[in-house]
Every structure is written in C-alpha cells, then in structure tokens.
Amino acid sequence: MSIKETFKRLKDRGEGALIGYIMGGDPRPDLTPKIAEALIEGGADVLELGIPFSDPVADGPTIQAANLRALKSGTTPTRVLEITNQIKGCHNIPVVILTYYNIIFRIGLENFFDKAKKSKVDGIIVPDLPVEEAQDYKFIANKHGIDTIFLASPSTSIVRLKKIIECTSGFLYIVSLFGVTGARKTLRRSTIRLIERIIPYIKGETPLAVGFGISQPYQVRSIIEAGADGAIVGSAFVEIIQKNEYNEDNMLNSIRNYANELKKATILEGE
Amino acid sequence: MKEFMKYPIDGKYGKYGGRFMPETLMSAVLDLEKSYLKLKNDQEFKKELDYYLSEYAGRPTPLYFAKNLSKKVGGAKIYLKREDLLHGGAHKINNTLGQALMAKKMRKNRVIAETGAGQHGVATAMACAVLGLKAEIYMGKEDIERQKLNVFRMNLLGAKVHLVESGSRTLKDAINEALRDWVANVKTTYYLIGSVVGPHPYPMIVRDFQSVIGKEIKSQIIEKENRLPDALIACVGGGSNAMGTFYPFLDDHNVKLYGVEAGGHGIESGAHAASLCAGDEGILHGMLTYLLQDEHGQISTTHSISAGLDYPGVGPEH
C-alpha cells in the first residue's frame, strides 16, 4: 500500500497514523526485520527505517548511539535497502527511508533511487537536504515514483512553507520543536499552535505527521486531536532496543506492546 | 579564477558549497546572509571592526623577511606573515572579532563556537569578552586532553567549554555538537564558525574577514620589494588562513598559490587530514566539498600531529 492510500484509509476510519522509526542494523542487521515485525504487529501504520551515518547532526544522543551501533555491526546503505525489500515482502505497509544526504550523494542519486525502487521503498526523508538544494533529488525521485518527504519546523516562514509543501509528497514532516530528536516527557503548546498554523496551507491534500520529541501516548493523542494525520515516534523505540540489546525476547515484546499503546492513542473515535 | 570573485549565488563556488542544513536552521542561515550583506557596507561597522583589529588584536602584523631561512633553503626570498603575533597567537581573531561584532548587531548575546586545537575557541572567547557577549565553546575530548593550555585560556576569558564525547571526539564532532546546540537555541544564539567551512554564507563571511591578511601582504610586499611575490604558501585544514591569504591575489595570475595539507603518517597510511589530495566529493556540515570518507559515505577520522588541521573536509572555495 502506498503512503497516500495508507493515510486515506486511516482518515476514513477516523484514525491517525503511527509512524514508527527504527535504525536499520541496530543493534544487528539480522534483528531489524524482527524488530520491524514487532512494530507492525503492535500497530505501526508506516515504518521509517534509518540508514546509519557517522555524523547525524539532527539527532540527539539516543539516535546518535543507534547510528553508532548500526555502523559497528557493519550495516551498509545497501544492506538497509535489502532489509527493506525483505520487510516489504512480508508486510503490506509503506516503508520510508531516513538518512543524511551524504549517504545518497555518495551512491549517486540515480543509482540510489534505482536501488531504492527495486527494494520497494515508498518514500525518503533527508533531514539535511533543504528544498533549495533538492532540485535534482526531487526530479529523480519523481521519476522513480518514490515520495519525497520534506520537513517543516517552528522557524519555517510561510514563504518557505509553501515551497516545502510544493516539493513534498507522501506526507509533510513537522518538526515539533527547536532541537534535535529525542524523547521529551511534555508536549509544548507551541507544537499544537504549529500544527494549527500549517493546516490551512496543506488544503487537505498532503497529510501532516509530527515528529521530534514525541514518545508518550498522551502526546500522540494531543497532536492527532490538533488535526495532524500522524505521529512519528523514534527515540522511544530506539531506547527499548538499546535497553534490551542482549535480550531479544524482551526487546521484541516491549516494542510490540509500546507500539500498541501508542497506536491506541491515534484512534480518536469509539473511546 | 575570475568567476570565483563574483558573489556566490546560493552559496555555490562552481558546484561546491551550498546550504545543506536542517530546516530549523535554514531561516537562521538566510537571516545571517541578509545581515552580513547589510553590515558589510556599513561604514560604522567597518570603522568599529578596524578599531578592534588594530587596538585589541594588534593589526597590522609584520611581513618579516626570514633571512636565515631564505639562506638555508635557498632559491627564494622567504617572507613570513606574522599572524602569530596577534592577540591570542593566531589569525583566528580576525574572523571572531568580525563575527562577534555581527552577533552584537544582530542582538544575539549568546555565541557558540567549535574548536579543534583551541585557537578558534580562544579567539572567540577574546572577541566575546571585549564585546560583552556570552561565549560557549564545543571541544572534542581528544583535543581537550592534548590542548589543555587553551582550555585554561578560554576559561580565564570567561568562556564555558563543553566537552564533546561523541564520534571521534575531535573537531568534526565539536561542529556536530555546536550545530545541535544551535538547532535548539537558534533564536538567541549566534554560531561563530571558525573556518571557511559550513553552509553559505559562512565560507564567504570568514573569507572576507580573513582576507585582511592577504591585503596587508600585498601592500607590504610592494613596499618592500616593489613587486608581487612569485608564490604564496599556506597550510590548509578547513582553510581560513589560506583563503584569507590567497583571496586578494586571485586576480594576479603570476602569483602561484600553494596550499599545504596535513600528511599525518602519509597518504598511503590513511592516517592524515589531506581532504583535497585524497578526499572525494561529499556533503558534511552544510557544504558540498572534498571529504575524507569511506566507500559508503561515512566520514573518516583524520590524523595530524597538528590538532588544528585535524578536519576531514575543506572550505568549498578551495
């Protein structure tokens, strides 16, 4: 199922999307498909899979450590794409790849998107690629029918926001706060205001998903209630993986259970 | 060379440079460019900067004829541009005074910076101290251990030094941490980059503030030799003193420009910091440039006995 269809189907059911992020190859490449499966069984509607990079400037300590664990276990970009293909073979949900631009640049745009397409990747997120630098990237992604998910942040001006929405397909990724990734216990009022500020510009066409700092069910509920179409949770899952690095059963059970709790929070009707 | 003298549209030097930044920092980077272009031609700003450069930093620096070295090496008359005589002992203060003054004009009272050897950190602390700004410096654990004296000097000047333990614990990781700080505090904080690296407009700003070196060399050598030099030689880590030295000579086609990179244990050994000699194109810290990286795009750790040259990239205008 494509990203667009997934969001539409959920919307029709009165649900928000739970987008679960894990790092490909963390702690080992052979575990990633199992972790992904637990996430999906728990209720994730979209899987966001990271390709590790040595210098992840948009990430806080939790995901930085995941990058390091994945690199240490020998995870290459190609391996993460192979894992994606494997996951897509078993589960009918969209898989979105998140990585930094040097990884894609190094493989070469054409080559990367060729490989991504063959691995059935649905969309790409590149946190250090602003729309100004994304012309070729966007063109080649379009050619391959892969969604380009851009980010909008609290500091994004209306002029830039319009440009970003134009370049975005799949969903718009809203960065909820000033800062790097990482679980926060609270949800700021400014995040809700940010969602409300952006909604009029997407005209109901592009789904909105909110990430950075979202880790608790009540945060997920609040942003869906504010009108977002999805919540992106990463560091909370990565923390579970980190804590249970050597206890696979615990890791998979905890991921499944936590995804389930978060998924329930995306369902607004019939409570 | 001529085309490089033009204003870098979208921060591009040929295909190099650019602004590869997280969205949260894009507005700050765009604002910075606007502010810089305004201040660049502001007479009041220029006057103030010139005042601090001469009265506080100690400009102009001498162009010293190294007669013994010239005799020993033979072949050429060797002149040394004595940037080491500046306050703090490095050319870094040319840039930090300029940017700290910008921070003040932009009403950002908190300044953050990265440092490798500690020279840029010291120079940032000095500029912030004289201008009444709060300075916080990110420095890799590895560098803190080998450059203890500079940490002491930064503290003495009232700056707070943050220990960076992520990644290779050197300059590149200090930049990563400074960027993470900036993402969180962009509204109140000015990021003072120490070399001709980072997203546009930093390479241009740092080049312009450092080109005082080349301008002085030009007038001093004409006064002493009544001609331009045959060649200019500068070391290149990120490349700010080289860029500052070379830039005013880019149109003088008879002047040869030599940049020297850190060879470490030799290029073959892999333990070096020679991004231009042995690197490939890639994207790091907001710019497309030559980087030391592996086949998958992971950034390599560098090696140099000079803590100041330990950086896996190089300024995009090089």
Side-chain angles (χ1 to χ4, degrees), chain A residues 51-61 64-65 67-68 70-71 74-80 99-108 112 126-136 150-157 159-161 163-164 173-182 212, chain B residues 9-12 15 17-31 164-168 171-189 198-200 280-289 291-301 312-313:
Chain A
I51 298 179
F53 179 51
S54 54
D55 296 80
V57 293
D59 287 306
Q64 282 175 47
N67 275 278
L68 285 185
L71 287 174
T75 311
T76 62
T78 313
R79 187 73 207 268
V80 177
T99 194
Y100 288 81
Y101 197 44
N102 197 47
I103 296 293
I104 297 174
F105 186 84
R106 185 69 166 159
I107 299 175
F112 177 83
V126 187
D128 62 342
L129 183 67
V131 286
E132 283 85 348
E133 305 285 355
Q135 249 184 339
D136 294 349
F150 283 89
L151 297 92
S153 89
S155 64
T156 303
S157 66
V159 178
R160 286 187 59 77
L161 180 64
K163 262 196 255 178
I164 291 168
Y173 190 134
I174 299 185
V175 177
S176 76
L177 43 73
F178 284 97
V180 290
T181 59
F212 280 51
Chain B
I9 294 164
D10 289 332
K12 292 286 165 69
K15 64 175 165 181
R19 281 180 282 238
F20 296 88
M21 276 280 108
E23 178 58 29
T24 307
L25 293 178
M26 280 306 287
S27 59
V29 167
L30 295 169
D31 278 352
V164 176
E165 293 198 80
S166 58
S168 64
L171 179 56
K172 106 181 148 69
D173 309 283
I175 296 178
N176 292 346
E177 281 309 319
L179 284 170
R180 288 175 187 129
D181 178 317
W182 204 28
V183 171
N185 302 298
V186 63
K187 283 186 278 189
T188 57
T189 298
H200 180 64
D280 295 300
E281 288 173 6
I283 289 140
L284 180 69
H285 298 149
M287 58 181 170
L288 199 172
T289 188
L291 298 174
L292 296 175
Q293 53 182 328
D294 73 8
E295 56 176 313
H296 304 297
Q298 309 300 347
I299 308 303
S300 317
T301 42

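Keep in mind that this is a model prediction, so the values were computed, not measured. Residue numbers start from 1 in every chain, and the chains themselves are labelled A, B, ... in the order their sequence lines are given, proteins ahead of strands.
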### Message
If I measure from the heavy atoms of chain B, does Ile51(A) come under 4.5 Å with its side chain, its backbone, both, or neither?
### Response
neither

### Query
Could you give the distance from CD1 (Ile299(B)) to OH (Tyr100(A)), rounded to the nearest 0.5 Å?
12.5 Å

### Message
Counting only non-hydrogen atoms closer than 4.5 Å, does Met26(B) touch chain A with its backbone (N, CA, C, O), its side chain (CB onward), both, or neither?
### Response
side chain

### Query
Considering only heavy atoms, which portion of Glu281(B) lies under 4.5 Å from any heavy atom of chain A: side chain, backbone, both, or neither?
both

## Note on the structure
Counting heavy-atom pairs under 4.5 Å with chain A, the top scorer among Thr24(B), Asp10(B), Leu288(B) is Thr24(B)

### chain B contact via Val175(A) - which portion, at a heavy-atom distance below 4.5 Å
side chain

### Side-chain donor-acceptor pair present, Asp173(B), Ser166(B), cut-off under 3.5 Å
no

### Task
Heavy-atom distances under 4.5 Å only: say whether Ile175(B) touches chain A with side chain, backbone, both or neither.
neither

### Atom of Ser155(A), atom of Phe178(A) and distance for their closest heavy-atom approach
CB-CE2, 3.7 Å

### Query
What part of Thr156(A) is in contact with chain B, defined as an atom under 4.5 angstrom from a non-hydrogen atom: side chain, backbone, both or neither?
both

### Task
Using non-hydrogen atoms and a 4.5 Å limit, figure out which bit of Ala152(A) sits close to chain B: side chain, backbone, both or neither.
backbone

### Atom group of Leu284(B) that falls short of 4.5 Å from chain A, counting heavy atoms
side chain

### Query
Based on non-hydrogen pairs under 4.5 Å, which of Leu179(B), Asn176(B), Val186(B) is most in contact with chain A?
Asn176(B)

### Query
Looking at Thr76(A), Thr75(A), Leu71(A), which one forms a side-chain contact (heavy atoms from CB on, under 4.5 Å) with His296(B)?
Thr76(A)

### Query
Hey, what do you get for CE (Met21(B)) to OG (Ser27(B)), rounding to the nearest 0.5 Å?
12.0 Å

### Task
Return the option, out of Asn102(A), Ile103(A), Leu177(A), Asn67(A), with the maximum number of heavy-atom pairs under 4.5 Å with chain B.
Asn102(A)

### Summary
Between Pro127(A) and Ala58(A), the two heavy atoms sitting closest are CB-CB, 4.2 Å

### Query
Hey, does Phe53(A) have a side-chain heavy atom less than 4.5 Å from the side chain of Tyr101(A)?
no

### Message
Out of Leu25(B), Leu30(B), Asp294(B), return the one with the most heavy atom pairs under 4.5 angstrom to chain A.
### Response
Asp294(B)

### Message
Using a 4.5 angstrom heavy-atom cutoff, name the option from Gln293(B), Lys187(B), Glu177(B) with the most pairs to chain A.
### Response
Gln293(B)

### Task
Identify which part of Asn185(B) has an atom lying under 4.5 Å from any heavy atom of chain A, answering side chain, backbone, both or neither.
neither

#### Entry: Engaged part of Pro56(A) at the chain B interface, taking heavy atoms whose separation is under 4.5 Å
both

### Query
What part of Phe105(A) lies closer than 4.5 angstrom to a heavy atom of chain B: side chain, backbone, both or neither?
side chain

### Task
Side chain from CB out, backbone as N, CA, C, O: work out which of these in Ile164(A) comes under 4.5 Å of a heavy atom of chain B, or both, or neither.
side chain

### Query
chain B heavy atoms under 4.5 Å from Ile107(A): which part of the residue, side chain, backbone, both or neither?
neither

### Query
Based on non-hydrogen pairs under 4.5 Å, which of Gly297(B), Ser168(B), Gly18(B), Ser300(B) is most in contact with chain A?
Gly297(B)

### Query
Would you say the side chain of Trp182(B) lies within less than 4.5 Å of the side chain of Val29(B), judging by non-hydrogen atoms?
yes

### Query
Using a cut-off of under 4.5 Å for heavy-atom pairs, which of Leu291(B), Asp181(B), Val183(B) has the most such pairs with chain A?
Val183(B)

### Query
With respect to chain B, which residue among Val180(A), Leu151(A), Leu129(A), Asp55(A) yields the maximal number of heavy-atom pairs within a distance under 4.5 Å?
Asp55(A)

### Query
Are Leu161(A) and Val159(A) side-chain neighbours, meaning at least one heavy-atom pair lies under 4.5 Å?
no

### Message
Between His200(B) and Glu132(A), is there a side-chain heavy-atom distance shorter than 4.5 Å?
### Response
no

## Note on the structure
Cut-off 4.5 Å, heavy atoms of chain B, and the answer for Asp59(A) is backbone

#### Entry: Gln298(B) CD to Arg106(A) CZ distance, which is reported to the nearest 0.5 Å
10.5 Å

### Task
Would you mind checking which part of Pro130(A) comes under 4.5 Å of any heavy atom in chain B, side chain (CB onward), backbone (N, CA, C, O), both or neither?
both

